[in-house]
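Inspection log for the structure reproduced underneath, given as structure tokens.
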Amino acid sequence: MAKKISGVKGMEDLFDSEEVQKWLKVEQTARRVFKPAGFQEIRTPILEESDLFERSVGETTEIVEKEMYTLLDRNDKRLAMRPEGTAPIVRAFVEHFTSHNVQEARFLYMGPMFRYERPQKGRLRQFHQIGAEVFGSDHPLLDAEMISLVHRLFTELGLESFQLQLNSLGSRDDREKYRATLAKFLDGIKDRLCEECQRRIVRNPLRALDCKKPGCIEATANAPLLPDSLAPESAEHFAVVQAGLKSQGVEFSLNPRLVRGLDYYEKTVFEFTSGELGAQNAVAGGGRYNDLVQELGGPAVPAIGFALGMERLVSILPEEAGKSSGAPRVYLLGLDPQSEQWLFGQLRELRAIGAVVELDFGGVSLKSKMRRADRWKAEWVVLLGEEERKRGVAILRDMQNQSQEEVPMSELFMRLTSRLPTMHFLKM
RNA sequence: GUGGGUAUAGCUCAAUUGGUUAGAGCACUGGGUUGUGGUCCCAGGGGCUGAGGGUUCAAGUCCCUUUACCCACCCCA
């Protein structure tokens, strides 16, 4: 035997039918929730120029520094497999929409993302996201709408145990000022912080507030917090976001230490978490990015977006979401080559009416064939042998009632159809 | 990148202080009088014990190396 080739680390095959069913359900529900809100679905390539992510996500972020799958193409162009979805959408928006003076647009996307990380529960190297982005407005109620749509998606999927955390990073100015204040504070308590956090003082002080080490939590207990240092305009924006969510009945809690890992966020940031996920507890996250479009060469168009982790979401979905279509299942069983040949001819028509139809292949005993039909969970079995064929009939067996009858071969299609729910479409 | 854990049949797991041909359940295949499923009974196939090396009369079991997977740190979806 030739040497086996196994899949790439952190990249999974999805083959369990209930699991696949859940994916379909999530994708379909996302469309049902977002399209009526004016979102159009778009698909962008997996490969982008590395620069796109370096400039948007941030040069000093973990993602860009250590986690990107990068390559040189045959012309030595630096490319990267997208580690996240927002930057490509912004790029596409700038490239195709702003040129015709479109400054407002809503996009829904779904697809694989890639990050070279050490896999663990809820963390893969190829994972999938569904995300949405809205360009064209800085209105705080848009923030509330975005968050509320995600909330609604989760509710429609029957998800019960999730929490919503909210924070405001303020405008870029607010953030810069706060960053300086915080860095100063941290420097004062430097010797009480872990090594990692000491490095963060210069590089990314906000992250220190998110550190989970007990020593750091204690040391930063009365650090200056972001919401307290927002300029009046940002504070007002944040207040309206909260009021908007309340009026939609969306529950949330404020987390002044919530920091997101991508540089482009400002003002409102949010995260949906679940206790059932293990250490990687974020199911979805997002925020506002008012300067990104401009930074990527577009006009000054404010925007907000979110992304959810497909694998994480699916793992906490209720069982019902994995139930597959209720289409009737019909098993065709021939006892000799001529019978099989005739039944084979019926496949197309029967499948066209929405039934799941399978023809038994292979020369085993009738008993085994029946056993197979049973394991396949057939509701109906059509049995045809030489005896029947001579008389022009086939046996139609109802597996549940354990009853069967002979029907003329010429009427099989009609007889069967009349017993199946009419116009039965395959449900998602 | 740093820790910790696991690796035996397709799946879930056994195998006494190292001791004969490595077992069970589920699954699979066939049969229980000739062409009828589920429950039941019987039989059968299937493992170089992740890989490589070492200690020993003897290794699934002990030691080293390696690979894969899992979990956590970190980071995030």
Side-chain angles (χ1 to χ4, degrees), chain A residues 3-4 6-12 16 26 57-58 60-67 82-86 110-131 150 194-197 199-200 204 207 210-213 216 258-262 265 269-274 277-286 305-316 331 333-336 339 360 362 364-389 395-404:
Chain A
K3 195 185 171 212
K4 267 189 211 158
S6 47
V8 178
K9 184 201 276 282
M11 307 203 177
E12 291 184 332
D16 178 85
V26 171
V57 174
T60 61
T61 55
E62 221 35 39
I63 293 178
V64 169
E65 275 189 341
K66 307 199 303 215
E67 299 176 355
R82 61 182 184 197
E84 62 103 35
T86 300
M110 40 191 83
M113 306 293 162
F114 304 83
R115 291 182 201 169
Y116 191 87
E117 298 190 84
R118 188 90 166 251
Q120 68 179 73
K121 190 180 173 72
R123 195 169 74 184
L124 295 163
R125 288 184 174 179
Q126 172 172 338
F127 60 102
H128 298 74
Q129 291 189 331
I130 296 182
V150 181
C194 69
E195 253 178 71
E196 184 66 32
C197 284
R199 254 175 285 141
R200 284 171 172 150
N204 197 344
R207 211 44 87 49
D210 216 21
C211 186
K212 283 157 201 149
K213 295 196 179 68
C216 297
L258 177 66
V259 180
R260 314 225 67 251
L262 295 79
Y265 287 122
V269 292
F270 57 93
E271 209 166 271
F272 285 83
T273 58
S274 166
L277 283 173
Q280 315 303 318
N281 66 351
V283 211
F306 96 97
L308 67 81
M310 195 67 167
E311 286 84 357
R312 290 185 189 175
L313 176 57
V314 161
S315 76
I316 55 173
Y331 199 76
L333 199 160
L335 293 177
D336 61 312
S339 298
D360 184 285
V364 288
S365 66
L366 174 56
K367 183 174 182 162
S368 314
K369 284 174 188 246
M370 285 300 288
R371 205 179 278 174
R372 262 190 262 191
D374 186 58
R375 266 195 302 259
W376 188 72
K377 295 192 170 64
E379 289 158 63
W380 298 92
V381 166
V382 176
L383 195 152
L384 187 67
E386 204 181 340
E387 280 178 30
E388 288 78 18
R389 242 180 29 253
I395 293 172
L396 181 56
R397 182 172 175 84
D398 179 336
M399 292 296 272
Q400 218 159 22
N401 297 340
Q402 307 186 53
S403 62
Q404 60 186 42

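Residue numbering restarts at 1 for every chain, and letters A, B, ... go by the order of the sequence lines. Heavy-atom basis, side chains included; hydrogens, waters and symmetry copies ignored.
In this structure, A:Gly131 reaches neither bases nor backbone, as no heavy-atom distance under 4.0 Å exists between it and the strands shown. Within the 4.0 angstrom heavy-atom criterion, no nucleotide atom of any strand lies near A:Gln126. The residue A:Leu124 sits close to a base: some heavy atom pair falls under 4.0 Å. Among the heavy atoms of the strands lying under 4.0 Å from A:Ala284 are primed sugar atoms or P, OP1, OP2 only; no base atom is included. Note on A:Ser368: only backbone sugar-phosphate atoms sit closer than 4.0 angstrom, heavy atoms only; bases stay farther off. Residue contacts for A:Gln404: at a heavy-atom cut-off of 4.0 Å it reaches a base atom on one of the strands shown. No engagement by A:Glu311 is indicated, since no non-hydrogen atom pair under 4.0 Å with the nucleic acid exists. Looking at heavy-atom distances under 4.0 Å, A:Lys121 makes contact with sugar-phosphate atoms alone, never a base.
If you take CG of A:Asn281 and C1' of B:A77, they are 11 Å apart, rounded to a whole angstrom. If you take CE of A:Met370 and P of B:U36, they are 9 Å apart, rounded to a whole angstrom. Counting to the nearest Å, the C1' atom of B:C76 and the CZ atom of A:Phe272 are 16 Å from each other. In this structure, A:Glu62 places its CD atom 13 Å from C1' of B:U2, rounding to the nearest Å. What separates OH of A:Tyr331 from P of B:U36 is a distance of 16 Å, to the nearest Å. If you measure from atom CD of A:Glu84 to atom P of B:C76, you get 12 Å, rounded to the nearest angstrom. One interatomic measurement links the two molecules: CH2 of A:Trp376 to P of B:C28, which rounds to 16 Å at whole-angstrom precision. What separates CD1 of A:Ile395 from C1' of B:G35 is a distance of 8 Å, to the nearest Å.
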Please test A:Phe127 against A:Arg115 for side-chain contact (heavy atoms from CB on, under 4.5 Å), starting from the C-alpha separation and ending with a verdict. CA-CA 8 Å; A:Phe127 60 102; A:Arg115 291 182 201 169; 3.7 Å; yes
Please evaluate residues A:Leu384 and A:Ile395 with respect to the criterion side-chain contact (heavy atoms from CB on, under 4.5 Å), reporting the C-alpha separation (whole Å), side-chain torsions for both, the decisive distance (0.1 Å), and the verdict. CA-CA 6 Å; A:Leu384 187 67; A:Ile395 293 172; over 6 Å; no
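Counting only heavy atoms from C-beta on, A:Ala282 has its side chain closest to B:C76 among B:C76, B:C73, B:G38. Among B:G37, B:A77, B:C74, the nucleotide with an atom closest to any side-chain atom of A:Gln120 is B:C74. Side chain of A:Lys9, nearest nucleotide from B:G35, B:C76, B:C69: B:C69. Of all nucleotides listed (B:G30, B:G35, B:A77), B:G30 comes nearest to the side chain of A:Arg371. Side-chain proximity of A:Leu262 to B:A77, B:G38, B:C70: nearest is B:A77. Among the nucleotides B:A72, B:A77, B:G35, the one closest to the side chain of A:Glu387 is B:G35.
Under the 4.0 Å criterion applied to side-chain N and carboxylate O atoms, A:Arg125 and A:Glu117 are not assigned as salt-bridge partners.
Using a distance-only test at 3.5 Å, with no hydrogens or angles considered, a donor-acceptor pair links the side chain of A:Arg312 to the main chain of A:Ala282.
At a cut-off of 3.5 angstrom, counting only N and O atoms as typed in the model, there is a donor on one side and an acceptor on the other between the side-chain of A:Lys367 and the base of B:G32. Judged by distance alone with a 3.5 Å cut-off, a donor-acceptor contact links the side chain of A:Glu117 to the base of B:A77. The base of B:U2 sits with one of its N or O atoms less than 3.5 Å from a complementary donor or acceptor on the side chain of A:Arg118. For A:Arg123 against B:C74, a side-chain N or O and a base N or O form a donor-acceptor pair under 3.5 Å. For A:Arg397 against B:G37, a side-chain-to-base donor-acceptor contact under 3.5 Å is present. Side-chain atoms of A:Glu67 stay outside donor-acceptor range of the base of B:G1, with no qualifying N/O pair under 3.5 Å.
A:Met110 has its side chain out of reach of A:Gln129: every pair of non-hydrogen atoms, C-beta onward, lies at least 4.5 Å apart. The closest side-chain heavy-atom distance from A:Arg397 to A:Leu383 is not below 4.5 Å.
Atom name P, nucleotides B:C63 and B:G4: the rounded distance is 16 Å, in whole Å. One C1' atom belongs to B:C71, the other to B:G52, and the distance between them is 27 Å to the nearest Å. For the P atoms, the distance from B:A58 to B:G45 is 31 Å, rounded to whole Å. Nucleotides B:A15 and B:G23 are separated by 7 Å at their C1' atoms, to the nearest Å. With both ends at atom C1', the span from B:U8 to B:G60 equals 7 Å, rounded to whole Å. For the C1' atom pair drawn from B:A27 and B:A9, the interatomic distance equals 11 Å after rounding to whole Å. To the nearest whole angstrom, the two C1' atoms, one in B:A14 and one in B:U49, are 13 Å apart. B:C62 and B:G5: their P atoms are spaced 14 Å apart (whole Å).
Remark: A:Arg372 fails to qualify as a cation-pi partner of A:Tyr331 under the 6.0 Å distance and 45° angle criteria applied to the six-membered ring.
Look at B:A14: it lacks any Watson-Crick or wobble partner with both distances under 3.5 angstrom. Base pairing analysis places B:A72 opposite B:U2; the two distances defining the Watson-Crick or G-U wobble pair are each below 3.5 Å.
Nearer to the 5' terminus of RNA chain B, by closest-nucleotide assignment, is the contact made by A:Arg375 (compared with the other of A:Arg375 and A:Gly286).
Considering A:Ile130, A:Val283, A:Val150 as possible partners of A:Leu308, the one that fulfils the side-chain contact (heavy atoms from CB on, under 4.5 Å) test is A:Ile130.
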